[in-house]
Amino acid sequence: MFDWPTFLFSLPLLGKALLITLQTSLLGNAIGFAIGTLIASMQLAKMPLLRRIGGSYIFIFRGVPLLVQLLVIYYLAPMFGLPNLSPMVAAIMALSLCSGAYIAEILRGGLLAIPSGQREAAHLLGMSRPAILLRIELPQAVQSTLPSLVNELVLLIKSSALVSVVGLADLTRVAQNLASSDYLFFQHYLVLAGIYCLINIPLTMFGRRLERHLERSLA
Amino acid sequence: MPLSLSPSTSTPAASLEAKQKGPDKTPPIIHLSAVGKRFGDHQVLSDINLSVNHSEVVCLIGPSGSGKSTLLRSMAFLEEYDEGEIHIEGRLLGWEIDDRGRRKHAGRTRLNQARRNLGIVFQQFNLWPHMTALGNVTEALVRVRRIKRSEAEKRAMEVLDKVGLAEKAKEYPARLSGGQQQRVAIARALAMEPKIMLFDEPTSALDPELVGEVLAVMKQLALEGMTMVVVTHEMGFAAQVADTVVFLDQGSIVTRGTPSDVFRDTQHPRLRQFLQNYLDRNAFWHTTPEQET
Amino acid sequence: MTFDLSIITANADAIWNAFLVTIYTWLAGSLLGLMAGLLIAALMLFGGRPLQRLLRVFIELVRGTPFLVILFLVYYGGPSFGVRLGAITAGVLCIAFYSSVYFAEIFRSGFAAVPRGQLEAGECLGLGRLQLMWRVQLPQMLVLILPAIVNMLTILCKETAVLSIITVPELTAVLTGIGTRTFTFIETLLVLCIAYLLLIEVTSRVGRWLERRVGTYLQR
């Protein structure tokens, strides 16, 4: 039933594709984190305009499906003055803009939980707003929301399967190519699912362990 | 010096003694032999031998951690006992002996059969908050005994009236006081017409001024001849209502007897220490010269 | 570039049908997923150790796999086992399958939230496990799990876009199709985005209204 030779021969190709998937996901996560920090601090800003912009960003990028966001970026990039984007760049942009919205919400919760006294003390000591954010608030917010952030990474890795539609040679795309050439659809997709699980399940368990660790240290 | 908790000689006790207490030829309704239970390394119950006769009221007392709640819960198989045997009305509770003589869990139907004649009242009442008092009482009547709703409601109202809460039938538990909630819980158990009522510290979660109304209901039940096993810290209740008081400590029965034996005449050091401790915290009457020897 | 919405009106029929397909796959899939999720949660509650462990493994595997891959497995891989599903049917079933494990987790946390004592009391009165679940646990859980369920529903609404990849004629497929054919990307993609934003917003509002209604009903 299971064609072992084909499976073994597919592994190198899938291995290369795995690197692309990880690269895209991790870059998307990193940039998304930067965007999320920015948006979260906008949401907590004093100026109402900043808050509204932050809120709208989250509304749009959490309301529109990632696939649609990806298509918009890929097809409409010229409109926004960008040259025709390569699939990789478009993919990373889409993933980071989308996860940025989710990370913003996660970080917002973490930032709100910090007692305002700390901000005031830092301010009185003469620290600038960005410095306060980066040196005082962000580390604490990240620490308290780490399990959610790990969970977001897992979701991002799963969502990255969609970048196959813009032709990027990620895991899903390569599996599709393999399957359409030898018609062993079920086998290739099963292996594909297996690879994703091999990445995601340990990550998820790590996130859960973090959560328990946090609960215990707070209790 | 004898302790000041003496069974009163007022009417309730006298009526109790008036109950048929002669040589009882009928077998005990609950029988525990060599019952034990372990939680990991910790022996929670060891070598418990106890019999409860029809219409007998048994109070289990003891310090916390003594295993008295575990013992009571084992009688309903809410805790699985590991050693010994518990027989309810002559039938082994919770376990079955398979053809090779080994123990295995009794099936659901057998367990339910055994529990048919048990009513249980919990420390935390455990009422269902999304149903009215009437709803709580009728639920099992309708769903388990398959009684028609109108008939079930009639029975429920009777038993709610018995505990003095007929006007609160349509109220939700959140609107009832602790004492009222516990009385509804008693009514819920009584509605199923059990032969035995088990009470697990029924008044421990109540504000002191609400304890009396619940104890009054329990006293009435005892007078009417209900077989009761009560885990309690209310020594006054035990002194007045119990036929047998059993003192547990660290998982075993240390001593047992009538209320006089246990509260007035005991020489057992651990029991005296326990009762003294209790008195120091709870008693606020003073001894009269006649009560001291 | 000109902005011309006439392309939308010209294809109004096709777009409306696509909208209906989106709604159908979303709601039918979610409903089936809810039922399957409840079943899984109940099985985990009542079943023995081996069953619990099996279901746990199943849940982790499904949660670790991208939705798109599950779609491919069912739609393209199915025929290897003689299972040839239409695109829409495959879409509904995959949404149901994928969401069932998430709903199961939501139900499980709800079950755990009802105090054990209430179940013990019911058990001693003779109520069966199923009766306890239906009459004691679920009514109390509803308020607690409603937000999580509504949230999951919005996630599933967005996932229906992925169905376009296996040629289900839903909103994303149809509108991008029109856009590619007539080079009206701006108009079509804009309408597409607005459509989803509307759906999500309506779902959130309905969800909040429901939470208020159920909340007061149980409070009395």
- Message: Please classify the contact between I201(A) and chain C as side chain, backbone, both or neither, with a heavy-atom cut-off of under 4.5 Å.
- Response: side chain
- Segment of E201(C) engaging chain A (4.5 angstrom heavy-atom cut-off): side chain
- Message: Is there a side-chain contact between P66(C) and T172(A) in this structure, where contact means two heavy atoms from C-beta onward sitting under 4.5 Å apart?
- Response: no
- Rounding to 0.5 Å, atoms OG (S80(C)) and CG (L190(A)) come to a distance of 10.5 Å
- Under 4.5 Å from any heavy atom of chain C - which part of S164(A): side chain
- Query: Can you say whether L68(C) sits under 4.5 Å from chain A via the side chain, the backbone, both, or neither, judging by heavy atoms?
  - Reply: side chain
- Can you establish whether the number of heavy atoms outside Q52(C) located under 6.0 Å from its atom CD is more than 12? yes
- Would you call L192(C) and V72(A) a side-chain contact if the rule is heavy atoms closer than 4.5 Å? no
- Query: Between OH of Y75(A) and CZ of F185(C), what distance do you get to the nearest 0.5 Å?
  - Reply: 6.0 Å
- Task: Test V68(A) against L171(C) for side-chain contact (heavy atoms from CB on, under 4.5 Å), laying out the working first.
- Result: CA-CA 10 Å; V68(A) 176; L171(C) 276 174; over 6 Å; no
- Give a yes or no on this: more than 12 heavy atoms of other residues, nucleotides or ligands lie within 6.0 Å of atom CZ of R52(A). no
- At a heavy-atom separation under 4.5 Å, does Q176(A) approach chain C through its side chain, its backbone, both, or neither? side chain
- When every non-hydrogen atom of L197(C) is compared with those of G63(A), the smallest separation belongs to CD2-CA, 3.7 Å
- Query: What distance do R62(A) atom CZ and I155(C) atom CD1 have between them, rounded to the nearest 0.5 Å?
  - Reply: 9.0 Å
- Message: Is V154(A) close to chain C through its backbone or its side chain, or both, or neither, when contacts mean heavy atoms under 4.5 Å?
- Response: neither
- Task: Would you indicate whether R51(A), at its atom CZ, is surrounded by more than 12 heavy atoms from other residues, nucleotides or ligands within a distance under 6.0 Å?
- Result: yes
- Task: Inspect the surroundings of CZ in F46(C) and state if more than 12 heavy atoms from other residues, nucleotides or ligands are less than 6.0 Å away.
- Result: yes
- Message: To the closest 0.5 Å, what do you measure between NZ (K158(C)) and CG (L67(A))?
- Response: 12.5 Å
- Crowded around R205(C) CZ? As in, over 12 foreign heavy atoms under 6.0 Å? no
- Query: Between V162(C) and P65(A), is any pair of side-chain heavy atoms under 4.5 Å apart?
  - Reply: no
- Portion of F67(C) that has a non-hydrogen atom of chain A nearer than 4.5 angstrom: neither
- Item | Separation of F186(A) CZ from F81(C) CZ (nearest 0.5 Å) | 4.0 Å
- Can you tell which of L66(A), L198(A), N200(A), I195(A) has the highest number of heavy-atom pairs within less than 4.5 Å of chain C? N200(A)
- Nearest non-hydrogen partners of Y189(A) and V69(C), listed with the distance: O-CG1, 3.8 Å
- Below 4.5 Å from any heavy atom of chain A, which atoms of L61(C) appear? Answer side chain, backbone, both or neither. both
- Item | Per-residue contact mode, Y183(A) against chain C (heavy atom under 4.5 angstrom) | neither
- chain A contact via S164(C) - which portion, at a heavy-atom distance below 4.5 Å: side chain
- To the nearest 0.5 Å, how far apart are CD1 in I60(A) and CD1 in I194(C)? 10.0 Å
- Task: Go through the atoms of T154(C) and report whether side chain, backbone, both or neither lie under 4.5 Å from a heavy atom of chain A.
- Result: neither
